[in-house]
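Okay, structure first, notes after.
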Amino acid sequence: MQRKIVLIVSLVAGLIAALLTRAYLTVKENEILAEKKRLVDRFGTIEVLAFSHDVPSGTVLTKSDIGKMTMPGRGLSGQALTMENLDDVIGRKTVTGHKAGEVLFWYDIEGGDPSVRGLSADVKRQMRAISINVNGSASVSGMIKPNDHVDVIGTFNFPDDEGKIKRGDPVTCTILQNVLVLATGKDTSKSQTRELGMRTSGGYSTVTLEVTPREAEMLAFAEQIKGRLILTLRNRNDTSSEKELPQVDYMKIRQEMEELNQKRQLRLGGR
């Protein structure tokens with residue numbers, strides 16, 4: 001009889017413990033739901049990409065690896081990947097392993113966000129990017145911007161027939177015409193777009209140009225022989241090219257100064 005009483009008491013105690021545990025879990029679950037609702041009401045929700053199952057490091061992602069979840073926007077908006085990014089991650093590798101249900105971020109993907117890749121992504125095939133030193137006046141008072149087109153003019157002291165450089169007899173000539181500007185300082189067209197034009201293009205000391213390998217050699221040599229390079233800004237719709245531009249020295253200016261001014265006046269008068 002006593003054994004039955006002990007058994008009944010144990011069962012009742014166990015039942016009470018189970019009911020108390022369930023009540024406690026229900027309270028905590030309600031608290032979590034209430035907190036989730038509060039976050040949703042305050043920050044809204046977003047649909048984010050998440051791993052649909054466990055994936056190891058180095059997995060080449062397919063659509064079956066990725067699902068979507070609705071989450072509070074706090075801390076995820078602008079950070080987690082959304083359905084708009086789905087095509088950008090398919091076929092790319094994961095950096096580390098992940099568990100099912102984990103939210104997908106750009107740092108989880110090898111190579112990261114394609115919209116913030118380096119300058120190399122902007123350089124056309126068979127072309128090169130090269131930076132030249134400029135000051136304010138050499139870059140149209142710092143008003144040259146990425147995606148502008150410029151001509152490159154150089155002033156040099158050329159050697160004579162004996163190979164000696166005459167410092168007092170410089171020559172100026174146009175080296176390249178209609179060259180694309182990839183960057184001014186560290187600003188590219190993409191970086192300026194991301195910052196919504198808040199940053200101006202002034203204040204830089206280098207300009208990065210897109211040139212052919214041979215043109216890159218010419219510019220590198222021009223700077224090495226202490227030549228001064230100046231950029232002239234072109235109209236964005238002007239793709240013309242001047243033929244047989246002469247080298248200019250002091251004598252050339254004296255000979256053609258009057259003729260050039262007359263031509264300028266005639267051109268202005270014809271507007």
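These numbers come from a predicted model, not from an experiment.
A donor-acceptor contact shorter than 3.5 Å links the side chain of Thr94 to the backbone of Thr59. In terms of modelled atom types and a separation under 3.5 Å, the side chain of Ser52 and the main chain of Ser64 share a donor-acceptor contact. Checked by atom type and distance alone, the side chain of Glu210 never pairs as donor or acceptor with a backbone atom of Val179 at under 3.5 Å. With hydrogens and angles ignored, the 3.5 Å screen pairs no side-chain donor or acceptor of Glu223 with any backbone N or O of Ile132. Checked by atom type and distance alone, the side chain of Ser57 pairs as donor or acceptor with a backbone atom of Val95 at under 3.5 Å. Side-chain atoms of Arg92 do not come within 3.5 Å of backbone N or O of Leu61 as any donor-acceptor pair. Remark: the backbone N or O of Gln262 is not paired with any side-chain donor or acceptor of Gln265 at under 3.5 angstrom.
By the 4.5 Å heavy-atom criterion applied to side chains, Val134 and Thr206 are not counted as neighbours.
Summarising the geometry of Ala222 relative to Phe156, their closest heavy-atom pair is CB-CE2, 3.5 Å, with the distance given to 0.1 Å. For the residue pair Leu49 and Asn85, the shortest heavy atom distance occurs at CD1-C, 4.4 Å. What you find for Glu215 and Thr212 is that their closest heavy atoms are OE1-N, 2.9 Å. The minimum heavy-atom distance linking Leu119 with Ala129 is given by the pair CD2-CB, 4.3 Å. The minimum heavy-atom distance between Phe51 and His98, with the atom names listed, is CE1-CG, 3.3 Å. The two residues His53 and Ala100 have their closest heavy-atom pair at CA-CB, 3.5 Å.
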_Evaluate Thr96 against Tyr107 for side chain to side chain contact (heavy atoms under 4.5 Å, CB included), listing each step before the verdict._
CA-CA 10 Å; Thr96 58; Tyr107 55 72; over 6 Å; no
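The salt bridge (Lys or Arg N to Asp or Glu O under 4.0 Å) analysis of residues 147-156, with sequence neighbours excluded, yields the pairs Asp151-Arg234.
With sequence neighbours excluded, no residue forms a salt bridge (Lys or Arg N to Asp or Glu O under 4.0 Å) with Lys243.
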